[in-house]
S.K.: 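My structure is below; once you've seen it, I'll send some questions.
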Amino acid sequence: MPKVFRNLCPRNCFSTCSILSYVENGKLVRVSGDPAHGFTRGNLCAKGYAYVERVYSPERILHPLRQFPRGSGNWCPITWEEALETIARKILELKGRYHSFRPVGFCKQYGNMGLLHYAANALFDGLGSVTVTEGNSCWSAGLDAYLYSMGSMEKPDPEDMVNSKVIVLWGVNPAWTAVHQMHFIDRARTRGAQVVVIDPVFTATAAQADLYLRPKAGSDGALALGMAKYIVENAWHDHEFLAHHVEGYEAFFAYLTSISYDWVEQETALPVEAIKEVTELYALNSPAAIWTGLGLQRHTNGGQNVRTILTLAALTGNLGRPGAGLYNPSMTPWELFSFYTRDHVISRHPVEHRRININLLGAELKKTTDPPVKMLWLAQRDLFQDAHTGSLRGALEDLELIVQVDQFLNRSSRYADIFLPTTTQFEEWDVLPSYWHHWIGINEPAISPLGESKSDLQIAWDLSRKLNELSPGICSFPTAGKEEEWVAGEFNQEVYSRLEIEDYRELLQGPRKLKWPQVAWEEMKFKTPSEKFEISSLTAASEGLPLLPVYSEPASAPAAYPFRLMTPHSQSGNNSQFLNLPWLTWGTGEPCLRINPLTAKRLGLSNGARVRVYNQQGEIVFPVKLSATIREDTLVCFQGWPGSAEHELNDLLNGSPTDMGSKGSGRPSIAIHDTFVNLCPA
Ligand SMILES: Nc1nc2c(c(=O)[nH]1)N[C@H]1C(S)=C(S)[C@@H](COP(=O)(O)OP(=O)(O)OC[C@H]3O[C@@H](n4cnc5c(=O)[nH]c(N)nc54)[C@H](O)[C@@H]3O)O[C@H]1N2
Ligand SMILES: Nc1nc2c(c(=O)[nH]1)N[C@H]1C(S)=C(S)[C@@H](COP(=O)(O)OP(=O)(O)OC[C@H]3O[C@@H](n4cnc5c(=O)[nH]c(N)nc54)[C@H](O)[C@@H]3O)O[C@H]1N2
Ligand SMILES: [Mo]
């Protein structure tokens, strides 16, 4: 009989699934969904079911390695002792040379979202002021739009979507990226709800919609303005709601008189009939929900477009009631936790690190002088997920030591000198909330660490020990500990009372749901200066943004690069992860470039023809796949796949910032989908 353990999927994903892990003779033999988890209800996604293959993948690295020379692929095993000693001596040598720890750079993103995976953050806090990356490529623009409009990123419980009469999936592809939400969407439909999808790409989600609109990418603000105009013209707005809870609607109404439906049609490439149909559906079927997707936000005008969309909920009073509301990922339930690991040192010794923009790492590394960054610690990160990755290559080559902590060699490993192998969630303790649903589970070790791999937390303790051996007192991060005690440290009385438990161990019997409002903004007290929903935002204006949700022109194609290249998230990967597993990629073939059949015909390209896609930043060769799911002026390649040492997909992204993002995340995000290219036969 296998023994059963409880694990959590720590990937950057809406679902944060609870996993049942079956272990025989110390080996993970099978995983299944956990029926005790009310959001995922006993299901995983295809990637989740492939975890057994991932844990035992022959590509997984189980021993510390050193690459010499860098980029050669000549990786040789070294001992942990040698690895830690080399790293610690480099840190101390840099400190001696520059009289500062700032030559030490630390870059982490979202490879694992677990709370105990903040160990490296705390380790560097314990050292002193180093150079850390700030911002993310994910969700910053939309987050700021919510912050300007409502003051905080609060959203309904996603299970409440079953109560919606209309669900607008605006620039989001949950059939691939949030599969478990589809259950709640389907339940709403069986109760008569209508589902609208607005996406320049006809996605797997669009295929299930009642109404699908295909606007030009980046034109969503114009569509939302057209909808707002039609709502006001028909007096479908909620007078009562506006009068009590909304700031600046009069000025917005005045602005709406200055736009015409002809202009909306021209901007969006949507017929006015479609614009009117979607408006009628949304405004006259209450309660109606809108989910502002992340793809929608990754444009130079993404923040302002989201602000305009949010305004539709304020006009129609679709806030603070079951079935209504605005959905976006939100970290608010996270804030209940103690962040014991992350704040382990900082609460006692506040540190001011030097901060550089994660989204322009190549350029930022080159800019740091006084003192320059000379060493980089990469964790939970693939730098080739960034933009303008061509510029990274030169910047990384200038560094004296690059350390990577990961489970697999990835594209960044070409530049690493030392690789430290880390455990998977099946080999460690952890806890993590979801940025989407309200369920909390616990992650216990189901099997022993494979090979010589260690958890990110253990690696941080070990490096602190080595540093303190070489230079006593140099790092105040602990040098040893028990992982389970650190899990306990993440809990506090408030979390316990919201879960109605007394001890975190109770979660080993099954995840529980936080007592947390099902509906956001029920009290109608927004966290803005006026305590109202701010259509007109003085805060935005004081930060150099428009006062109102006026239209902000999207980026447009220059003559030399007439095609928009969109690179949304893939079905079989989670960003760069899982794409190395045959269980998932069997039969999918190599990555391809989707092209509209009419464009292909015009260019004389047939299915499978190899093309060179290029712009000022880079080039990459792909086979083409004819697909009527996209517009004639657009090309699509799903992101995350490895290219080659010379050419990566993200080399083509120029790194233009989104219009918003600094407020919530410290930096704007990347306008990933405002990438323009040309192509020719390869
Ligand atoms: N299977 C899978 N699931 C994942 C991930 C994954 O890689 N794979 N990644 C996780 C992460 S990190 C994230 S951030 C989320 C992302 O989750 P989503 O928000 O669903 O993901 P994207 O694929 O980035 O974008 C969604 C859609 O936005 C559309 N879009 C792009 N530009 C525009 C525009 O201007 N207007 C409109 N209306 N639509 C536009 C794209 O065509 C795409 O279909 O998913 C998470 N879940
Ligand atoms: N073209 C294009 N580029 C994009 C996007 C896009 O839509 N289009 N989306 C962007 C978005 S939304 C995101 S969130 C980013 C994601 O960018 P990243 O967060 O950098 O990428 P991931 O592929 O999620 O993970 C990076 C690494 O983390 C490792 N990892 C997994 N678990 C652990 C662990 O426990 N410990 C350690 N130390 N490492 C671990 C994985 O093996 C992987 O190599 O990509 C962005 N890049
Ligand atoms: Mo993301």
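These numbers come from a predicted model, not from an experiment. Positions are given from 1 along the sequence. Start at 1 and go down the list; that is how both ligands and their atoms are numbered. Heavy atoms only: backbone and side chains are in, while hydrogens, waters and symmetry mates are out.
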S.K.: For the side chain of Tyr212 and the backbone of Ile198, is there at least one donor-acceptor N/O pair under 3.5 Å apart?
M.R.: no
S.K.: Quick one: look at His117 and ligand 2, take heavy-atom pairs under 4.0 Å, and tell me if it's side chain, backbone, both or neither.
M.R.: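 Answer for His117: side chain.
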S.K.: Closer than 4.0 Å to some heavy atom of Asp456 - which atoms of ligand 2 meet that?
M.R.: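 Those atoms are 34 (C), 35 (O), 36 (N), 37 (C), 38 (N).
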S.K.: Please confirm whether Phe5 and Phe426 have ring centers closer than 6.0 angstrom.
M.R.: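 No.
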S.K.: Applying the side-chain contact (heavy atoms from CB on, under 4.5 Å) test to Ser455, which of Gln425, Glu427, Glu483 qualifies?
M.R.: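 It is Glu483, the one option of Gln425, Glu427, Glu483 that forms the side-chain contact (heavy atoms from CB on, under 4.5 Å) with Ser455.
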S.K.: Any side chain to side chain donor-acceptor pair (under 3.5 Å) involving residues 110-119? Give me the pairs, sequence neighbours left out, ordered by first then second residue.
M.R.: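 Every side chain to side chain donor-acceptor pair (under 3.5 Å) pair that includes a residue of residues 110-119, provided the two are not neighbours, is Tyr110-Asn136, Asn112-His117, His117-Glu428, His117-Asp430, His117-Asp456.
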S.K.: Using ring centroids (six-membered ring only for Trp), state whether Trp176 and Phe638 fall under 6.0 Å.
M.R.: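 Yes.
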S.K.: Listing by chain and number, which residues have a heavy atom under 4.0 Å from ligand 1?
M.R.: Asn12, Cys13, Phe14, Lys47, Cys138, Trp170, Gly171, Val172, Asn173, Trp176, Thr177, Ile198, Asp199, Pro200, Val201, Thr203, Ala217, Gly218, Asp220, Gly293, Leu294, Gly295, Leu296, Arg298, His299, Met566, Pro568, His569, Ser570, Gln571, Gly573, Asn574, Asn575, His673
S.K.: Check each atom of ligand 2 against the heavy atoms of Val405 and keep those under 4.0 Å away; list them by number with element.
M.R.: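 Reading through ligand 2 atom by atom, the close ones are 37 (C), 38 (N), 39 (N).
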S.K.: For Ser656, which residues count as a side-chain hydrogen bond (donor to acceptor under 3.5 Å, both in side chains) partner, sequence neighbours excluded?
M.R.: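 Ser656 satisfies side-chain hydrogen bond (donor to acceptor under 3.5 Å, both in side chains) with Asn654 only.
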S.K.: If only atom types and distance count, is the side chain of Glu452 paired as donor or acceptor with the main-chain N or O of His63 below 3.5 Å?
M.R.: no
S.K.: Under 3.5 Å between some N or O of ligand 2 and some N or O of Asn650?
M.R.: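 Yes, there is a polar N/O contact under 3.5 Å.
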S.K.: Taking only residues two or more places apart in sequence or in another chain, which ones pass salt bridge (Lys or Arg N to Asp or Glu O under 4.0 Å) with Arg411?
M.R.: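 Applying salt bridge (Lys or Arg N to Asp or Glu O under 4.0 Å) to Arg411 gives Asp382, Glu648.
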